[in-house]
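Have a look at the structure below, then the notes.
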Amino acid sequence: QEQLVESGGGLVQPGDSLRLSCAASGFSLYYYAIAWFRQAPGKEREGIACTSDADSATYYRDSMKGRFTISSDYAKNTVYLQMNDLKPEDTAVYYCAAEVGVCDYSNFVLPAYYDYWGQGTQVTVSS
């Protein structure tokens, strides 16, 4: 059974960094597009970035470029999201998602593009 498990969230202060992990079980991430999303209270789920090893593609939502970095370790079957200079508006539940194939530049920020989701990890940025 395919499963994604996020970890690494927590309570941090503005300006801090966090690295989130998305570990897959039941399937190899190599054959999938893996994306990170976030959802703040009362807001829609927002796509952050997508990576797919099969075509070496990595895409970011324009507003997320610079502070967020997606990376992968396929030996560990894990994808990461490095977040730097965190701000209170980054407070949200962060999810990873997977879809068979490669990242689609036109659709990678759309939740409906992905079939598999983790349970999410809470990130709270507050002083």
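Values reported hereafter were calculated over all heavy atoms of this structure, with side chains retained and with hydrogens, waters and symmetry mates removed. Note that this is a predicted model, so its numbers are computed, not measured. Numbers here simply count residues along the sequence, with the first being 1.
- There is a path of hydrophobic side-chain contacts, each under 4.5 Å, that joins Y116 to I34.
- Nearest approach of T121 to G8, heavy atoms of both residues: OG1-N, 4.2 Å.
- Sorted by first and then second residue, the side-chain hydrogen bond (donor to acceptor under 3.5 Å, both in side chains) pairs with a member in residues 13-31 read S17-N84; sequence neighbours excluded.
- Expressed to the nearest 0.5 Å, how far CG of L81 lies from OH of Y95 amounts to 14.5 Å.
- A single hydrophobic cluster is seen to contain both L29 and L20, as judged by linkage of ILVMFWY side chains at heavy-atom distances under 4.5 Å, directly or through other members.
- You'll find the side chain of Y94 stays beyond 4.5 Å of the side chain of E6, heavy atoms only.
- Note that OG of S7 is 9.0 Å distant from OH of Y80, once rounded to the nearest 0.5 Å.
- Atoms OG and CG, from S52 and D104 in turn, are 9.5 Å apart once rounded to the nearest 0.5 Å.
- The cluster map of Ile, Leu, Val, Met, Phe, Trp and Tyr, joined by side-chain heavy atoms under 4.5 Å apart, puts L18 and I48 in the same cluster.
- A donor-acceptor pair under 3.5 Å is absent between the side-chain atoms of T124 and the main chain of T91, judged by distance alone.
- Taken together through direct or relayed side-chain contacts under 4.5 Å among Ile, Leu, Val, Met, Phe, Trp and Tyr, L4 and F37 form parts of separate hydrophobic clusters.
- Applying the side-chain hydrogen bond (donor to acceptor under 3.5 Å, both in side chains) test to every pair with at least one member in residues 62-75, sequence neighbours left out, gives these pairs: D62-K65, R67-D90.
- The aromatic rings of F108 and Y59 sit tilted relative to each other, their planes meeting at an angle between 30° and 60°.
- Heavy-atom neighbours of E89 CD from other residues, nucleotides or ligands within 6.0 Å: above the threshold of 12.
- Heavy-atom minimum distance, A33 versus C50: CB-SG, 3.9 Å.
- Considering all non-hydrogen atoms of both residues, G120 and V93 come closest at CA-CG1, 3.8 Å.
- For D55, the salt bridge (Lys or Arg N to Asp or Glu O under 4.0 Å) test picks out no residue, with sequence neighbours left out.
- Contact annotation: the side chain of Q122 never approaches that of L11 to less than 4.5 Å [non-hydrogen atoms, C-beta and beyond].
- Residues Q119 and V5 meet the side-chain proximity criterion, which asks for heavy atoms closer than 4.5 Å.
- M83 and I70 fall within the same hydrophobic cluster, defined by Ile, Leu, Val, Met, Phe, Trp and Tyr side-chain heavy atoms under 4.5 Å apart, directly or through other members.
- Between Y60 and F68 the shortest heavy-atom distance is CE2-O, 3.2 Å.
- Residues V79 and W36 have side chains in contact (heavy-atom distance under 4.5 Å, counting atoms from C-beta outward).
- The two residues Y32 and A98 come nearest to each other via the heavy atoms CD2-CB, 4.1 Å.
- Interatomic distance, R61 CZ to R38 CZ, rounded to the nearest 0.5 Å: 8.5 Å.
- More than 12 heavy atoms of other residues, nucleotides or ligands lie within 6.0 Å of NZ in K87, so this atom counts as buried by the packing criterion.
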